[in-house]
Structure formats: structure tokens, C-alpha cells
Amino acid sequence: PVRIDFYDVVKDEKTGKESNLIVKTRVSSFDGSDRLISEEERLFFKKMDPLRFTMTKDAFLTRKNVYTYKSFTDIPDCNFYEDGVLRMSTVYSKNEDYTETVYFDGGLSIKSVYKDGVKVEEIAYSNGGEKYRRKFDDR
């Protein structure tokens with residue numbers, strides 16, 4: 001794994017002293033062939049503390065890409081997670097043919113099908129059941 005930390009320099013208003021404040025951490029992992037297999041970012045920020053009504057409560061957001069390599073395509077499949085929840089999946093059947101599925105809260109998802117890099121179909125699902133299907137013209 002390779003870890004990179006990103007900092008902002010902040011100045012204390014009372015003392016004038018400067019210090020480093022971590023804002024993001026990125027950890028990348030590689031396989032035995034030096035291919036990227038995962039990349040995780042953790043973003044640190046302040047959010048509203050509901051008890052004090054100030055921006056003092058520390059929080060973070062974690063985003064992660066997980067890559068899977070296959071022998072029949074040059075491009076790896078990718079799953080994108082936000083705070084451990086799958087948000088997007090891209091699966092390749094050939095270099096220019098793939099499906100991309102975006103997952104929303106509440107069991108909603110939209111799957112887009114691409115042929116030769118062009119979107120040819122879109123399917124919407126609710127809790128696993130198909131709600132609509134839209135095909136696009138070949139132009």
C-alpha cells in the first residue's frame with residue numbers, strides 16, 4: 001500500500017500560531033503485477049454540531065474504488081463505494097462495451113449499457129424490479 005496525506009496550513013486566530021490540519025488521506029494498493037487494485041480516500045471536515053450550532057464537530061467521508069482485472073479486456077471493472085455503500089459499478093465485456101450501474105438510497109438504481117463506447121440502453125430499477133427501459137437510436 002501507498003499512503004499520501006494532504007494537509008492545510010491553518011492559523012490560530014488567538015495565538016497566530018500556524019499548524020497543519022489533515023484534510024484528506026489516500027491509500028492505494030497494488031497487486032503482484034503492480035496494477036492498482038484499490039484506492040481509498042478519506043476526507044476530513046467539520047460539520048454542524050446540533051447541540052452547539054457551530055461547525056465544530058469532526059466528520060469524515062470515505063470513498064473507495066476497487067478494481068478487478070480480466071484477461072479479455074485492458075480496462076478493469078470498478079466498484080465505487082461511499083462510506084462502505086456501493087454507489088457505482090462498471091463492468092466491461094470488451095474494451096468499449098460495458099455496463100455502468102448507479103445505486104441510490106432506497107433501493108433505486110439505473111443501469112446504462114454501452115456498445116463501442118456509446119450509450120445504447122438505460123434501465124431503471126426499484127428494489128430489484130425493472131421500472132422502465134429506454135433504448136437509444138444508433139446515429
Side-chain angles (χ1 to χ4, degrees):
V2 174
R3 178 181 168 144
I4 302 171
D5 293 330
F6 298 83
Y7 294 87
D8 277 346
V9 176
V10 293
K11 189 174 191 177
D12 186 294
E13 293 178 12
K14 293 178 183 176
T15 65
K17 183 179 177 184
E18 290 185 347
S19 61
N20 292 328
L21 176 69
I22 191 163
V23 293
K24 180 170 64 170
T25 296
R26 181 183 302 145
V27 177
S28 302
S29 297
F30 301 85
D31 66 9
S33 300
D34 291 332
R35 298 179 300 189
L36 182 64
I37 57 171
S38 72
E39 188 170 47
E40 180 174 297
E41 283 188 342
R42 181 168 279 187
L43 305 159
F44 302 93
F45 56 93
K46 301 280 186 187
K47 71 177 191 179
M48 181 66 72
D49 185 336
L51 299 176
R52 296 188 180 90
F53 299 105
T54 60
M55 301 295 277
T56 59
K57 189 171 182 181
D58 290 330
F60 63 90
L61 170 69
T62 302
R63 301 186 298 204
K64 183 175 186 176
N65 288 316
V66 177
Y67 302 98
T68 306
Y69 295 85
K70 298 183 279 194
S71 62
F72 54 86
T73 178
D74 298 331
I75 306 168
D77 294 347
C78 179
N79 287 329
F80 169 73
Y81 298 87
E82 188 175 67
D83 286 335
V85 177
L86 180 62
R87 294 297 185 184
M88 189 164 79
S89 176
T90 305
V91 178
Y92 287 84
S93 57
K94 290 195 283 185
N95 282 349
E96 297 291 321
D97 296 352
Y98 59 96
T99 59
E100 188 173 80
T101 306
V102 179
Y103 301 93
F104 300 95
D105 293 335
L108 303 173
S109 63
I110 296 178
K111 178 192 241 181
S112 299
V113 179
Y114 294 82
K115 297 287 183 199
D116 297 321
V118 177
K119 187 182 213 179
V120 295
E121 188 174 25
E122 183 177 88
I123 308 158
Y125 298 93
S126 177
N127 295 317
E130 186 176 319
K131 292 300 174 189
Y132 82 83
R133 181 179 295 255
R134 179 178 173 194
K135 294 194 178 212
F136 299 95
D137 294 336
D138 295 336
R139 294 180 191 191

TODO: Is it possible for you to say whether Val2 and Ile37 belong to one hydrophobic cluster, with membership spreading through side-chain heavy-atom contacts below 4.5 Å?
DONE: yes

Open item on the list: Quick check on the hydrophobic clustering: are Tyr92 and Phe80 connected, directly or via other members, by side-chain heavy-atom contacts under 4.5 Å?
Closed with: no

Between atom [atom1] of [X] and atom [atom2] of [Y], what is the distance when rounded to the nearest 0.5 Å?
| X | Y | atom1 | atom2 | value |
| --- | --- | --- | --- | --- |
| Thr99 | Lys115 | OG1 | NZ | 9.0 Å |
| Lys24 | Arg63 | NZ | CZ | 7.0 Å |
| Leu61 | Leu43 | CG | CG | 5.5 Å |
| Asp8 | Ile22 | CG | CD1 | 10.5 Å |
| Glu100 | Glu122 | CD | CD | 10.5 Å |
| Cys78 | Met88 | SG | CE | 6.5 Å |

TODO: Might you work through the side chain to side chain contact (heavy atoms under 4.5 Å, CB included) test for Ser19 and Val10, ending with a clear yes or no?
DONE: CA-CA 6 Å; Ser19 61; Val10 293; 3.6 Å; yes

Report yes or no: does [X] contribute a side-chain atom to a donor-acceptor pair with the main-chain N or O of [Y] at less than 3.5 Å?
| X | Y | answer |
| --- | --- | --- |
| Asn20 | Val9 | no |
| Lys111 | Tyr125 | no |
| Asp31 | Ser33 | yes |
| Asp77 | Thr68 | no |

- [ ] Test side chain to side chain contact (heavy atoms under 4.5 Å, CB included) on Thr25 and Phe44 and set out the steps.
- [x] CA-CA 8 Å; Thr25 296; Phe44 302 93; 3.6 Å; yes

Open item on the list: For Lys64, I'd like to know if atom NZ has over 12 heavy atoms of other residues, nucleotides or ligands within 6.0 Å.
Closed with: no

- [ ] Assess whether atom NZ of Lys119 is packed by more than 12 heavy atoms of other residues, nucleotides or ligands within 6.0 Å.
- [x] yes

Task: Minimum heavy-atom distance between Asn127 and Gly106, given as atom pair plus value - done: OD1-O, 3.7 Å

Task: Closest heavy-atom pair and its distance - Tyr103, Ser109 - done: CD2-CB, 3.8 Å

Task: side chain to side chain contact (heavy atoms under 4.5 Å, CB included) partners for Leu36, two or more places apart - done: Ser28, Phe30, Glu39, Tyr67, Tyr69

Task: ring-ring contact (aromatic ring centres under 6.0 Å, His included) against Tyr114, all qualifying residues, sequence neighbours excluded - done: Tyr98

- [ ] Take Glu18 and Lys11, measure what salt bridge (Lys or Arg N to Asp or Glu O under 4.0 Å) needs, and give me the verdict at the end.
- [x] CA-CA 4 Å; Glu18 290 185 347; Lys11 189 174 191 177; 5.2 Å; no

- [ ] Could you please spell out the steps behind the side chain to side chain contact (heavy atoms under 4.5 Å, CB included) verdict for Thr62 and Tyr81?
- [x] CA-CA 8 Å; Thr62 302; Tyr81 298 87; over 6 Å; no

Task: Counterpart residues, salt bridge (charged side-chain N to carboxylate O under 4.0 Å, His left out), relative to Asp83 (two or more places apart) - done: none

Task: NZ/NE/NH1/NH2 to OD/OE distance under 4.0 Å, Arg87 and Asp105 - done: yes

